[in-house]
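Here is the structure we will look at.
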Amino acid sequence: MEEKQLHWADYYAEKIIREKGDKEVYVCASGITPSGTVHIGNFREIISVELVVRALRQKGKKVRFIYSWDDYDVFRRVPSNIKNRQIMETYLRKPITSVPDPEGREESYARVYEKELEELLPLLGIEPEYIYQANMYKSSTYAGGIKKALEKRETIRKILNEHRTSPLPHDWWPLSVFCTSCQRDTTKMLNWDGEWEITYSCNSCGNRQNLDIRKTSSVKLPWRVDWPMRWDFEDVDFEPAGKDHHSEGGSFDTAKKIVTAVYEHSPPVTFQYDFLSIKGRGGKISSSTGDVVSLKDVLAIYQPQVIRYLFAGTRPNTEFAISFDLDVLKIYEDYDRCERIYFGLEKIGEKREAKEKRIYELSQIGEPPGRIPYQVPFRHLCNLVQIHVGDVEAVVEGFKGIVDDEKDYIRARARCAWNWINLYAPDEFKFLLKGEDDKPIETDDTGRKVLSLFKNEVIEKLDSCDDQSLSKVLFDTARKSGLKTGDFFKYIYQALIGKDRGPRLANFLLAAGKEKIEKALKHY
RNA sequence: GGGCCGUUAGCUCAGCCGGUAGAGCAGCAGACUCUUAAUCUGCGGGUCGAAGGUUCGAUCCCUUCACGGCUCACCA
């Protein structure tokens with residue numbers, strides 16, 4: 001306890017224990033409205049909570065990690081990239097769980113996005129307990145909390161008015177009603193009997209009705225009241241939020257006041273996390289063309305551990321960019337280095353070492369592996385995977401004498417490498433090794449001479465050389481050709497991959513193997 | 001107008017419950033007959049945005065200011 005906290009997740013875990021006292025179970029919460037693909041920026045909140053949850057558990061605490069799908073929110077606008085636009089527009093103002101999936105796959109519009117994320121999170125070792133707010137409201141679970149809000153209407157009004165430019169109207173109620181006839185929230189609350197009954201009328205369809213809040217499935221608290229009510233209901237101890245919520249007058253700020261004044265419950269421990277940006281794929285998470293950078297997009301390029309590493313290694317309150325450009329290579333290198341430090345294979349300062357080790361632990365899906373995984377640099381995999389034209393299994397089989405776990409690890413990384421090559425790598429990185437069916441490129445006399453020399457002098461030695469000795473053979477051969485080495489290599493690359501340059505040749509030849517090289521040069 | 005965050009080597013950033021600063025890249029020098037930020041080795045005195053204050057001592061705490069960014073004040 002008195003030891004200095006090296007990592008922010010441990011710091012907040014400790015803060016929660018300190019401020020909330022000794023509890024049987026600590027509740028950590030996160031959540032979002034599933035009104036579109038949950039993007040990588042939203043993911044920052046989830047992973048932030050998960051890291052703190054893990055830190056708490058490692059301190060021997062029981063933790064309930066809840067993730068709230070705010071799927072009783074209103075369908076406010078049709079995103080620009082959605083199908084069946086016109087039909088979708090007819091569902092505006094209804095709860096998003098009552099809006100259909102435009103492509104007909106899932107039971108509702110909200111469910112599409114919920115499922116998308118729920119299927120991905122376990123890959124990262126994140127397994128919260130999901131709470132579906134539409135179900136909670138529809139089953140009147142919150143009736144007590146709603147009544148309390150109605151009772152404290154003036155208190156709430158006062159709190160909200162503190163920061164509003166125009167005060168809430170006199171007939172305002174802290175409740176929104178979905179019309180039982182047309183399902184839209186275009187309603188006006190008319191009366192509350194002081195107990196459980198409310199009266200509303202609908203501006204869309206003219207329906208007017210009395211509802212018992214203990215029985216109806218059609219009422220909901222507005223967001224700024226809903227949030228503190230749920231803090232009380234679930235007894236939330238910790239929930240971070242973005243800076244939009246954290247400003248004075250923002251929803252976290254008013255929620256804090258409301259939970260105290262109305263629900264007589266202390267607000268959760270929190271922190272503010274900053275936004276993410278994207279490097280190498282437009283600057284914004286959600287580009288104007290409508291495609292957002294989702295967790296799936298990031299998983300295509302980064303192994304789950306590396307994604308965790310990215311977030312665990314960055315303070316939550318600083319902005320940072322997820323990169324899809326050349327930085328990807330660097331980030332994998334950094335991760336591997338962190339791993340070597342964890343396993344004691346690389347030395348740095350004592351303090352930094354402890355920190356790196358903690359980051360490594362938090363980056364793992366589960367427990368850290370017992371011994372260091374077989375590390376293959378991402379850059380090297382980019383070459384291997386191209387030699388085998390995306391055949392990841394062939395790449396994996398190229399590694400001899402490794403166990404299944406290691407194969408899985410390399411396989412996962414090789415897939416990322418292949419995706420990166422295809423989606424983001426600059427052209428200089430890309431190549432395609434010629435096969436026996438490819439037409440030979442046009443070459444001149446010198447070229448033919450070089451290639452025949454190469455075939456005679458180099459190919460035979462492929463099986464018996466290592467990187468260094470083959471390198472020597474190559475340069476000996478180059479000298480023998482009488483050309484400048486640069487020109488010599490150029491001819492070889494042209495024949496092999498149709499480009500002037502390519503991956504470092506010796507290593508490249510070895511990785512490709514004698515057979516593939518022979519096939520590539522068959523017609524010369 | 002309010003709030004939050006940032007301002008540290010050319011660049012990107014780390015360091016922050018106080019003890020006169022570090023890492024990567026770039027750069028420079030050297031090595032490898034080497035192509036894909038090639039690799040290896042060596043080299044880091046920068047008023048830690050400005051001015052005050054607290055302290056034996058501040059990049060790290062307090063105050064004020066400047067610049068930059070984000071955000072709230074409509075909804076979630």
Side-chain angles (χ1 to χ4, degrees), chain A residues 2 4-6 8 11 14 31-35 70-77 93 96 133 160-168 176 185 220-227 241-255 271-275 277 279 313-321 323 325-331 333-334 337 348-349 351-352 355-356 377 379-380 382-383 386 421 425-431 467-468 470-481 483-490 492-493 496-497 499-508:
Chain A
E2 38 318 303
K4 198 166 162 181
Q5 294 306 327
L6 289 155
W8 59 265
Y11 169 82
E14 196 135 298
I32 198 170
T33 303
S35 58
D70 297 338
D71 53 11
Y72 211 36
D73 287 355
V74 174
F75 189 49
R76 217 163 242 104
R77 59 169 190 274
R93 305 313 306 181
I96 51 178
Q133 293 306 334
L160 296 182
N161 275 345
E162 276 173 36
H163 294 281
R164 291 178 64 95
T165 32
S166 56
L168 291 159
S176 63
D185 76 336
K220 173 185 180 302
L221 291 172
W223 163 247
R224 281 180 184 254
V225 186
D226 169 68
W227 205 7
K243 58 162 59 173
D244 46 343
H245 295 307
H246 262 289
S247 289
E248 194 167 295
S251 54
F252 195 97
D253 186 48
T254 55
F271 62 71
Q272 173 185 313
Y273 57 83
D274 209 319
F275 296 142
S277 57
K279 190 160 171 258
T314 313
R315 296 188 114 84
N317 64 350
T318 58
E319 201 174 330
F320 85 104
S323 299
D325 61 7
L326 252 18
D327 285 355
V328 172
L329 305 181
K330 171 80 164 43
I331 287 159
E333 275 167 28
D334 288 349
R337 184 171 130 87
I348 49 169
K351 202 171 161 185
R352 271 193 59 207
K355 189 164 183 177
E356 290 284 318
R379 169 190 292 277
H380 184 48
C382 285
N383 289 335
Q386 290 188 88
I421 287 292
D427 285 339
E428 310 92 81
F429 261 84
K430 299 185 192 178
F431 64 83
D467 187 33
Q468 279 218 324
L470 184 64
S471 206
K472 184 154 190 325
V473 172
L474 280 170
F475 283 102
D476 288 343
T477 312
R479 214 171 15 241
K480 207 180 269 185
S481 77
L483 292 169
K484 276 197 272 182
T485 52
D487 294 333
F488 176 81
F489 282 107
K490 201 160 121 182
I492 309 286
Y493 282 119
L496 289 175
I497 60 174
K499 298 175 71 167
D500 285 349
R501 298 172 151 205
R504 313 195 110 226
L505 195 56
N507 200 20
F508 177 54

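Quick note on labels: first sequence line is chain A, next is B, and so on, each numbered from 1.
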Using Watson-Crick or G-U wobble geometry with both distances under 3.5 Å, which nucleotide pairs with [N]?
N	result
B:rU59	none
B:rA14	none
B:rG1	B:rC72
B:rA66	B:rU7
B:rG45	none
B:rU39	B:rA31

Open item on the list: Here's a test of your reading of the structure: between A:K499 and A:L221, which maps to the more 5' nucleotide of RNA chain B?
Closed with: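 So the residue in question is A:K499.
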TODO: Specify the residue among A:H246 and A:D226 whose closest nucleotide of RNA chain B lies further upstream toward the 5′ end.
DONE: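 Of the two residues, A:H246 wins.
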Take atom [atom1] in [N] and the same atom in [M], then report the distance between them in whole Å.
N	M	atom1	result
B:rG15	B:rG46	C1'	15 Å
B:rG42	B:rU55	P	46 Å
B:rC67	B:rG57	P	32 Å
B:rC75	B:rU64	P	32 Å
B:rA51	B:rU12	C1'	29 Å
B:rG44	B:rA29	C1'	15 Å
B:rA73	B:rU20	C1'	45 Å
B:rC40	B:rG49	P	33 Å

Open item on the list: Check this for me: does the side-chain of A:R164 come within 3.5 Å of the base of B:rA73 through a donor and an acceptor?
Closed with: no
Task: A:R164 atom CZ, over 12 foreign heavy atoms within 6.0 Å - done: yes
The side chain of [X] is closest to which nucleotide in this list: [options]?
X	options	value
A:Y493	B:rC34, B:rU35, B:rA37	B:rU35
A:S247	B:rA76, B:rG2, B:rU35	B:rG2
A:E248	B:rG2, B:rA76, B:rC74	B:rG2
A:K243	B:rA37, B:rG3, B:rG69	B:rG69

Would you say a side-chain N or O of [X] is under 4.0 Å from OP1 or OP2 of [N]?
X	N	answer
A:R315	B:rG15	yes
A:K355	B:rA14	no
A:T165	B:rC74	yes
A:R224	B:rA73	yes
A:R337	B:rG24	no

If you look at every strand shown and take non-hydrogen atoms under 4.0 Å, does [X] touch a base, only sugar-phosphate, or nothing?
X	value
A:G250	sugar-phosphate
A:P222	sugar-phosphate
A:S166	sugar-phosphate
A:K330	base
A:R76	sugar-phosphate

Protein-nucleotide distance ([X], atom [atom1]; [N], atom [atom2]), rounded to Å:
X	N	atom1	atom2	value
A:Y273	B:rU71	OH	P	13 Å
A:E356	B:rG15	CD	P	11 Å
A:L474	B:rU35	CG	C1'	12 Å
A:W8	B:rA14	CH2	P	14 Å
A:I331	B:rC25	CD1	P	14 Å
A:R93	B:rA76	CZ	C1'	11 Å
A:F429	B:rA38	CZ	C1'	10 Å
A:W223	B:rC75	CH2	C1'	11 Å

- [ ] Would you check if A:F475 and A:F488 make a side-chain contact, meaning some heavy-atom pair closer than 4.5 Å?
- [x]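 In short, these two side chains do not touch, never coming nearer than 4.5 Å.
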- [ ] Flag the pair A:F508 / A:L496 as yes when at least one side-chain heavy-atom distance between them is below 4.5 Å, and no otherwise.
- [x] yes
Open item on the list: Using only atom types and a distance under 3.5 Å, with no angle test, would you say the side chain of A:D71 pairs donor to acceptor with the backbone of A:Q133?
Closed with: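 Yes, the answer is positive, given that a donor and an acceptor are paired below the 3.5 Å cut-off.
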Open item on the list: Using modelled atom types and a 3.5 Å cut-off, is there a donor and acceptor pairing between side-chain atoms of A:K499 and backbone atoms of A:K430?
Closed with: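 Yes; judged by distance alone, with no hydrogens or angles, the pair exists.
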Task: Test applied, ring-ring contact (aromatic ring centres under 6.0 Å, His included); reference residue, A:H245; option that passes from A:F252, A:W227, A:Y273 - done: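 Option passing the ring-ring contact (aromatic ring centres under 6.0 Å, His included) with A:H245: A:W227.
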Open item on the list: For A:Y11 and A:F271, I'd like to know if the aromatic rings sit close, meaning centre-to-centre distance below 6.0 Å.
Closed with: no
TODO: Could you pull out the closest heavy-atom pair between A:S247 and A:D253, with the gap in Å?
DONE: O-CB, 3.6 Å
